[in-house]
Amino acid sequence: MSPTDLPADAAPVGVPAPEPLLRVRGLRKSFGTNRVLESIDLTVGRGQVLALIGPSGSGKTTILRCLNGLELADGGTISIGAEVTLDFGTAPVRKELTALRDRSAMVFQNYNLFPHKTVLENVIEGPIIVQGRPRAEATAEALALLDRVGLADKRDAHPFELSGGQQQRVGIVRALALRPQLLLFDEPTSSLDPELVGDVLRLIKELAVEGWTMVIVTHELEFAREVATEVAFVDGGTIVEHGDPKQLLRNPTQERTRQFLHRLLFPF
Ligand SMILES: Nc1ncnc2c1ncn2[C@@H]1O[C@H](COP(=O)(O)OP(=O)(O)OP(=O)(O)O)[C@@H](O)[C@H]1O
Ligand SMILES: [Mg+2]
């Protein structure tokens, strides 16, 4: 069979379409009378990176929090891998929620490290307490990960003794130590001084190259263009448009996206 025999929407020969890892269908969420997510559909293939962009209050963090089971949606489904599907239309089963939480890990805008614990304690807490892994194994893995991000010598430091960039790298190591299938980043660099942003973005880019599946809320458009395999523009609790980052960020089809990108590029 030659490539011309393939249907128009087939993946190019030699580049198999990645198997979906994350599937979200019809996700809805209100806080009281405030309808924050109208009906969100997302698909992220294994090893793919989805960047979420959109104005303040549009629902980006709420999407991530639902994916991580930190927030319960009012309706819709979330599947991670073939085995775990959480259907919010029916009463979610505790076992499914635990499985969902176990498959993803979140990196927060403000790092969310425990201030009274050391760097190492912050990283091993989840693997030991939540996942019940042996302390020696969790510690060895944590130290290897800290070494990888250049922070092995900070293992006994407390978060207040670290720069924002160092704290965020610990935040990323803490997420990796959970051995998740899906990494969720909520504006991981927006609390950082400009000169510290690069280190964190470089680390996230390395993780993308290694094949981690990620959903990243970010306003770093250059980063999204280079690292994301897809970008979605969220506004008013819906996905207004999504597509190839190079295409969408340069030439959006929707006026709302165009206005948002313009405001981001020309804030004054
Ligand atoms: N726990 C909560 N209780 C009540 N309202 C909430 C809660 N969390 C979020 N909201 C509301 O949901 C809406 C969406 O918030 P969300 O944090 O998801 O937006 P966002 O797109 O992440 O915004 P930003 O870019 O400012 O971080 C907002 O109107 C917010 O006030
Ligand atoms: Mg947010």
Participant: Check whether more than 12 heavy atoms from other residues, nucleotides or ligands sit under 6.0 Å from atom CZ of R258, and answer yes or no.
Facilitator: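 Yes.
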
Participant: What I'd like to find out is whether the side chain of M106 reaches to under 4.5 Å of the side chain of L64, using heavy atoms alone.
Facilitator: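 Yes, their side chains come closer than 4.5 Å.
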
Participant: Closer than 3.5 angstrom, by distance alone: can the side chain of S30 be matched with the main-chain N or O of G32 as a donor-acceptor pair?
Facilitator: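 No, because the side chain of S30 does not come within donor-acceptor range (under 3.5 Å) of the backbone of G32.
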
Participant: Is a side-chain donor-acceptor pair under 3.5 Å present for T118 with D156?
Facilitator: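 Short answer, no.
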
Participant: Kindly give the heavy-atom pair with the smallest separation between R202 and D199, and that separation in Å.
Facilitator: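 Smallest interatomic distance, heavy atoms only, reads NH2-OD1, 2.7 Å.
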
Participant: L203 versus R148: any side-chain heavy-atom pair under 4.5 Å?
Facilitator: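 Heavy-atom side-chain distance check passes, below 4.5 Å.
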
Participant: Locate the shortest heavy-atom distance separating V123 from P127; write the atom from each residue and the value.
Facilitator: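 Between these two residues, the closest heavy atoms are O-CD, 3.2 Å.
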
Participant: Classify the side-chain pair T61/D186 by whether it contains a donor and acceptor separated by less than 3.5 Å.
Facilitator: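 Present: a donor and an acceptor within the cut-off.
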
Participant: To the nearest 0.5 Å, tell me how far R94 CZ sits from T98 OG1.
Facilitator: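 Reported value, rounded in 0.5 Å steps: 5.5 Å.
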
Participant: Looking at G165 and V200, what are the two nearest heavy atoms and their distance?
Facilitator: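 Looks like O-CG2, 3.9 Å.
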
Participant: Can you hop from L22 to W212 via hydrophobic side chains spaced under 4.5 Å?
Facilitator: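 No, L22 and W212 fall in different hydrophobic clusters.
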
Participant: Hey, are E161 and K154 close enough for a salt bridge, meaning a charged N less than 4.0 Å from a carboxylate O?
Facilitator: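 Judged by the 4.0 Å cut-off on N to carboxylate O distance, E161 and K154 do not form a salt bridge.
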
Participant: Report yes if some heavy atom in the side chain of L184 is under 4.5 Å from a heavy atom in the side chain of I216; otherwise report no.
Facilitator: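 They are not in side-chain contact.
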
Participant: Any link between L86 and L70 through a network of hydrophobic side chains (Ile, Leu, Val, Met, Phe, Trp, Tyr) touching at under 4.5 Å?
Facilitator: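 L86 clusters together with L70.
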
Participant: Does K205 reach the side chain of L201, with side-chain heavy atoms less than 4.5 Å apart?
Facilitator: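 In short, these two side chains do not touch, never coming nearer than 4.5 Å.
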
Participant: Determine the interplanar angle of the F266 and H262 rings, folded into 0 to 90°, and report it as parallel if under 30°, tilted if 30 to 60°, perpendicular if over 60°.
Facilitator: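 Aromatic pair F266/H262 classed tilted.
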
Participant: Should E38 and R28 count as an ion pair when the cut-off is N to O under 4.0 Å?
Facilitator: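 Salt bridge absent between E38 and R28.
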
Participant: Is there a path from V107 to V217 through hydrophobic residues (I, L, V, M, F, W, Y) whose side chains come within less than 4.5 Å of each other?
Facilitator: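 Shared cluster, no.
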
Participant: We want to know whether S191 and N110 form a side-chain donor-acceptor pair, criterion being a heavy-atom distance below 3.5 angstrom.
Facilitator: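 Distance-only check passes for S191 and N110.
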
Participant: Do R174 and N112 come within less than 4.5 Å of each other through their side chains, counting heavy atoms only?
Facilitator: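 Yes, close enough: below the 4.5 Å cut-off.
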
Participant: Taking NZ, NE, NH1 and NH2 as the nitrogens, is one of them in R179 or E137 under 4.0 Å from a carboxylate oxygen of the other?
Facilitator: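 Salt bridge present between R179 and E137.
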
Participant: Group every Ile, Leu, Val, Met, Phe, Trp and Tyr by side-chain heavy-atom contacts under 4.5 Å, then state whether V149 and L178 land in the same group.
Facilitator: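 Per the 4.5 Å side-chain linkage, V149 and L178 are not co-clustered.
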
Participant: In the structure I gave you, are the side-chain heavy atoms of N122 and F114 within less than 4.5 Å of one another anywhere?
Facilitator: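 Yes, side chains in contact.
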
Participant: For a 4.5 angstrom cut-off between non-hydrogen side-chain atoms, does P20 reach V44?
Facilitator: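 No - every pair of side-chain heavy atoms lies 4.5 Å or more apart.
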
Participant: Is the closest basic N to carboxylate O distance between R256 and E241 below 4.0 Å?
Facilitator: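 Judged by the 4.0 Å cut-off on N to carboxylate O distance, R256 and E241 do not form a salt bridge.
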
Participant: Look only at the side chain of D244 and the backbone of Q247, and say whether a donor-acceptor pair between them is shorter than 3.5 Å.
Facilitator: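 Checking the backbone N and O of Q247 against the side chain of D244, a donor-acceptor pair under 3.5 Å is found.
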
Participant: Side-chain contact, heavy-atom cut-off 4.5 Å: F233 with H242?
Facilitator: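 They are not in side-chain contact.
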
Participant: Could you measure the distance from the CD1 atom of I78 to the CG atom of L67? Nearest 0.5 Å is fine.
Facilitator: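 Here the interatomic distance stands at 5.0 Å.
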
Participant: Check L151, I124, L146 against V119 for a side chain to side chain contact (heavy atoms under 4.5 Å, CB included) and give me the one that passes.
Facilitator: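 With V119 as partner, L151, I124, L146 yield a single side chain to side chain contact (heavy atoms under 4.5 Å, CB included), made by L146.
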
Participant: Provide the closest heavy-atom pair for K60 versus P55 in the form atom of the first, atom of the second, distance.
Facilitator: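 Looking at all heavy atoms of both residues, the closest pair is NZ-O, 2.9 Å.
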
Participant: Search all heavy atoms of G59 against all heavy atoms of L37 and return the closest pair with its distance.
Facilitator: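 Closest approach of G59 to L37: O-CD2, 3.6 Å.
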
Participant: Side-chain heavy atoms under 4.5 angstrom apart, residues restricted to Ile, Leu, Val, Met, Phe, Trp, Tyr: same cluster for L261 and V234?
Facilitator: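 L261 does not cluster with V234.
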
Participant: Is a side-chain N or O of R25 found less than 3.5 angstrom from the main chain of G76, in a donor-acceptor match?
Facilitator: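 Between the backbone of G76 and the side chain of R25 there is no qualifying donor-acceptor contact (under 3.5 Å).
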
Participant: Answer yes if the side chains of T257 and Q254 hold a donor-acceptor pair under 3.5 Å, and no otherwise.
Facilitator: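 On atom types as modelled, these side chains do not qualify, holding no pair under 3.5 Å.
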
